[in-house]
Amino acid sequence: MDLMRPEVTAGAPAEGPVPPPTPDPDAQVEVEVDADLPQITMLTEPAEGIPPVVETPEALAAVVAAFGAGTGPVAVDAERASGYRYGQRTYLVQLRREGAGTALIDPIAVPDLSALSDALVGVEWVLHAASQDLPGLAEQGLRPSRVFDTELGARLLGLDRVGLAAVVADALGLGLAKEHSAVDWSTRPLPSEWLRYAALDVEVLIELREVLAERLAVAGKAEWAAQEFEAVRTAPLPPPRVEPWRRVSGLHAIRDARRLAVVRELWLTRDQNARTRDISPGRVLPDHAIVAAAQALPRSVPELTALPAFAGKGTRRRAALWQQAVDRGLATPDADLPSVRGPKSDAPPPPRAWAEKDPAAAARLVAAREVVTGLSAAHEVPAENLLQPDLLRRLCWTPPRTLDVEGISEFLRAGGARPWQIGLVAQPLADAFGALPRA
């Protein structure tokens, strides 16, 4: 592997009045880690250089043949245009395998990649944060037989930072620059700097997998990891959200049903416009503008555009569209107004309300959290990976008929907990619940 001195390249700024999306927290931390650790050797150039982007059926057929003839696991990554385009479509697929080298595939030009998936049946795919990439890869016909998730492996090992660059630095002493992590991957043609970044993301995944697998085995966590990897590989797509408009940032400031109806109409209008134009909804109309309109309840376009949140050129251009949405919200019949409390759900209420609603459940939750926190520290596994927080709350709020090991184990198994998790927590939870005063 060729190692070169780092070359700092700034990411291209987004056009228009809306600033580019903020990179995810891990990406920001990773840049700081790389800059602050002089012992890290930065990777700046792929070992075989930047491969040409696969854009034709003929080029794809050559990649299929090469990767089918390769050996060992295959490193896989995918790039989306989150914050720029509507949805989570994949705009670049990167792969690397021993004997085949690295391939960069444009799934817009060649959307059906099922032949590649067929050539890799039985081969382990190495991904970082597989749950983020697998749904988009499946849309291109790419479905792995087995998975090794380096992010999940890092979590089970108790690493403080689990972004790819941080894990690579910890395990291999190598640095990956992340300045292109939040660029618009729908751009065509893709700049060579971005393609270099994309190729480097799979450059050391196989080597990283070997180091993490060895650490997991030494820590006695190899089977835990295997169960987690299979769970993420076979996880179904989440069901559509009920009333997704309620995820508008700042909605907590809206406290009456009429204003919530305005939020709903603005969100639905924005979503349709964004889908039609294939633009991220936040670039069409920011959440804070939706909340501002719902608070002010403008009765005309001039009143709407007088709001600072609607002063931007692009927002003013579609002011009539947004005012029509406001008008629909204002005209919504009382019987059709959204509930201030939110949609009905089988989920437990917020834990802060438990002490008043069900003191016994509140006591169980306190005891259960103490158990999970203690086990998390003892095994150096994040509490949320030891047991899904929602499942723990459900156990405490609507417990099984018997709170012994068998009853708890069956409840957790039905809720999707893996055998290793049940083996760790069922007995301590039963002991903790048994020690609580009887109501």
Side-chain angles (χ1 to χ4, degrees), residues 1 11 23-24 26-27 30 43-48 50-54 60 63 66-67 70 72-82 88-98 100-108 110-111 113 116-117 120 123-144 146-154 162-169 171-172 174-187 190-210 212 229 232-233:
M1 177 182 308
D24 62 80
D26 278 339
E30 289 164 0
L43 283 174
T44 61
E45 198 69 33
E48 297 97 20
I50 305 172
V53 178
V54 175
L60 177 61
V63 167
F67 275 77
V74 57
V76 182
D77 192 21
E79 305 296 346
R80 296 174 295 279
S82 303
Q88 295 297 313
R89 187 176 186 179
T90 298
Y91 285 95
L92 186 70
V93 177
Q94 308 104 279
L95 306 100
R96 183 173 177 83
R97 192 181 189 196
E98 185 68 29
T102 296
L104 303 178
I105 303 175
D106 179 355
I108 307 304
V110 281
L113 303 182
L116 181 57
S117 191
L120 296 172
V123 176
E124 180 185 82
W125 294 21
V126 183
L127 302 99
H128 191 82
S131 62
Q132 296 180 20
D133 291 338
L134 289 179
L137 292 172
E139 292 179 0
Q140 315 301 145
L142 291 171
R143 295 178 176 84
R146 292 184 292 134
V147 160
F148 189 105
D149 187 330
T150 51
E151 185 203 43
L152 267 177
V162 295
L164 178 59
V167 178
V168 168
L172 304 178
L174 300 174
L176 290 174
K178 303 300 290 183
E179 66 266 24
H180 300 308
S181 61
V183 298
D184 181 2
W185 288 96
S186 69
T187 300
L190 286 164
S192 60
E193 294 84 1
W194 300 8
L195 295 174
R196 180 180 293 108
Y197 159 88
L200 286 171
D201 261 7
V202 292
E203 182 84 6
V204 293
L205 269 183
I206 303 300
E207 185 179 356
L208 178 63
R209 176 243 185 267
E210 298 304 321
L212 295 183
F229 300 160
V232 75
R233 185 187 75 85

Is there a side-chain contact between [X] and [Y] (heavy atoms, below 4.5 Å)?
| X | Y | result |
| --- | --- | --- |
| Tyr197 | Val183 | no |
| Leu116 | Ile105 | yes |
| Gln94 | Asp201 | yes |
| Leu212 | Val167 | yes |
| Phe229 | Pro144 | no |

Value rounded to 0.5 Å, distance of [atom1] in [X] from [atom2] in [Y]:
| X | Y | atom1 | atom2 | answer |
| --- | --- | --- | --- | --- |
| Leu43 | Leu174 | CG | CG | 4.5 Å |
| Asp184 | Tyr91 | CG | OH | 8.0 Å |
| Leu134 | Trp125 | CG | CH2 | 8.0 Å |

Point to revise | Steps toward side-chain contact (heavy atoms from CB on, under 4.5 Å) verdict (Arg89, Ile108) | key: CA-CA 9 Å; Arg89 187 176 186 179; Ile108 307 304; 3.3 Å; yes
Ignoring hydrogens, what is the shortest heavy-atom contact between [X] and [Y]? Give both atom names and the distance.
| X | Y | value |
| --- | --- | --- |
| Ala81 | Ser186 | CB-N, 4.0 Å |
| Leu208 | Ala171 | CD1-CB, 3.5 Å |
| Val147 | Asp149 | CG1-N, 3.9 Å |
| Trp185 | Arg80 | CD1-O, 3.0 Å |
| Thr90 | Leu92 | CG2-O, 3.5 Å |
| Arg146 | Glu124 | NH2-N, 3.5 Å |

Pairs under 3.5 angstrom only: tabulate donor-acceptor contacts from the side chains of residues 136-143 to other protein residues two or more places apart or in another chain.
unit_1, atom_1, unit_2, atom_2, d
Gln140, NE2, Pro111, O, 2.8
Arg143, NH2, Ala138, O, 3.3

Practice item. In plain terms, say whether Arg96 and Asp77 are close enough for a salt bridge, that is, a side-chain N and a carboxylate O under 4.0 Å apart. Key: no
Review point. Between Leu172 and Glu207, does a side-chain contact (heavy atoms from CB on, under 4.5 Å) hold up when you go through it step by step?
Key: CA-CA 8 Å; Leu172 304 178; Glu207 185 179 356; 3.7 Å; yes
Exercise for review: Using side chain to side chain contact (heavy atoms under 4.5 Å, CB included) as the criterion, point out the one residue from Leu95, Val76, Leu164 that pairs with Leu205.
Suggested key: Leu164
Exercise for review: For Val123, enumerate each residue passing the side-chain contact (heavy atoms from CB on, under 4.5 Å) test, keeping only those at least two apart in sequence or located in another chain.
Suggested key: Val74, Arg97, Leu120
Check your understanding: Do Glu151 side-chain atoms and Ala130 backbone N/O form a donor-acceptor pair below 3.5 Å?
Key -> no
